[in-house]
Amino acid sequence: MPQGQPEYVPDDGLTTRQRRNRPLTIVHTGPGKGKSTAAFGLALRGWNQGWPIGVFQFVKSAKWRIGEESALKALGELHERTGSGGSVDWYKMGEGWSWLRGNGGRPPQSNTARDLHTDPERQADNARAGWERIKQDLAAETYRLYVLDEFTYPMKWGWVDVQDVVQTLADRPGAQHVVITGRDAAPALLEAADLVTEMTKIKHPMDAGQKGQKGIEW
């Protein structure tokens, strides 16, 4: 795409504006670092456009406060105070998705990562509950951009049905963008996606025995 121009324009009857504004299904996969980071970068762009942003983390511990979470929540609070940008909601499977059962729409802080690691069935139930909530939000057009972080894993492990995800995304109303991150994305998801990026590792500090560090990994 030199200078941002498509090499091929399909004869589908759409105007340039209609084609440009189609909702996208985006997948960031592969073994390399940067899949979630790129998705949160998209969330920053969406916030700047005034879009409501919904982040759903499917694997990371409820106790792990990554830098992007703090930054995007602060931007969400700025929106509430001043009207700048868009709203931001951030949910974690490690917090039990308990907002499905009330709790004022906010997840509790009592569930620990230990609970999840020692109870795989609870993890599976939480993942399915999270996906059901996302389906409700898609039907209601709650957000303009959904970040489904590490959502490839519940599909890989059989907790969430891949075909259900593909069909739900294909049928979603409005102009809702969805970005899914994680390794080993299912072939059916890759086929259905509009934009797929594979992160490939060339080198990593861990190869030389260096652990993750602040500002780089979190």
For P187, all residues meeting side chain to side chain contact (heavy atoms under 4.5 Å, CB included), sequence neighbours excluded: none
Only counting residues at least two apart or in another chain, list the ones meeting side chain to side chain contact (heavy atoms under 4.5 Å, CB included) with A193. T25, V27, V196
Reported [atom1]-to-[atom2] distance for the pair [X] and [Y], which is rounded to 0.5 angstrom:
X: I134; Y: T142; atom1: CD1; atom2: OG1; result: 11.0 Å
X: I26; Y: L148; atom1: CD1; atom2: CG; result: 11.0 Å
X: D149; Y: W90; atom1: CG; atom2: CH2; result: 7.0 Å
X: I53; Y: W51; atom1: CD1; atom2: CH2; result: 7.0 Å
X: L189; Y: D184; atom1: CG; atom2: CG; result: 12.0 Å
X: E141; Y: R172; atom1: CD; atom2: CZ; result: 10.5 Å

Which residues pass the salt bridge (Lys or Arg N to Asp or Glu O under 4.0 Å) test with E191, sequence neighbours left out? none
Can you sort out the partners of D161 under salt bridge (Lys or Arg N to Asp or Glu O under 4.0 Å), two or more places apart, ordered by chain and number? none
In terms of hydrophobic clusters joined by side-chain contacts under 4.5 Å, are M155 and M199 together? no
Looking at [Y], is its backbone amide N or carbonyl O close enough to the side chain of [X] to form a donor-acceptor pair, meaning the two atoms are under 3.5 Å apart?
X: T152; Y: R183; value: yes
X: Q176; Y: Y146; value: no
X: H28; Y: T181; value: no
X: R144; Y: A175; value: yes
X: R133; Y: G130; value: no
X: H79; Y: G85; value: yes

Could you check N126, D164, T168 and say which one makes a side-chain hydrogen bond (donor to acceptor under 3.5 Å, both in side chains) with W131? D164
Distance-minimising heavy-atom pair for [X] and [Y]:
X: P173; Y: A139; result: CG-O, 4.0 Å
X: Q57; Y: K92; result: OE1-CE, 3.3 Å
X: D194; Y: R22; result: OD1-NH1, 3.7 Å
X: A188; Y: V162; result: CB-CG1, 4.0 Å
X: T29; Y: G182; result: OG1-O, 2.7 Å

Passes side-chain contact (heavy atoms from CB on, under 4.5 Å), K201 versus D207? Steps please. CA-CA 11 Å; K201 189 193 81 167; D207 298 336; 3.0 Å; yes
How would you list all residue pairs meeting ring pair (Phe, Tyr, Trp, His ring centres under 6.0 Å) that involve residues 179-207, not counting sequence neighbours? none
Which pairs would a plain distance check flag for residues 38-49, meaning a side-chain donor or acceptor within less than 3.5 Å of a matching protein atom at least two apart in sequence or in another chain?
from, atom 1, to, atom 2, distance (Å)
W47, NE1, L75, O, 3.2
W47, NE1, G86, O, 2.9

For the pair D125 and R122, find out whether any cationic side-chain nitrogen is under 4.0 Å from an anionic carboxylate oxygen. no
Does the distance from a Lys or Arg side-chain N to an Asp or Glu carboxylate O, for E80 and K73, drop under 4.0 Å? no
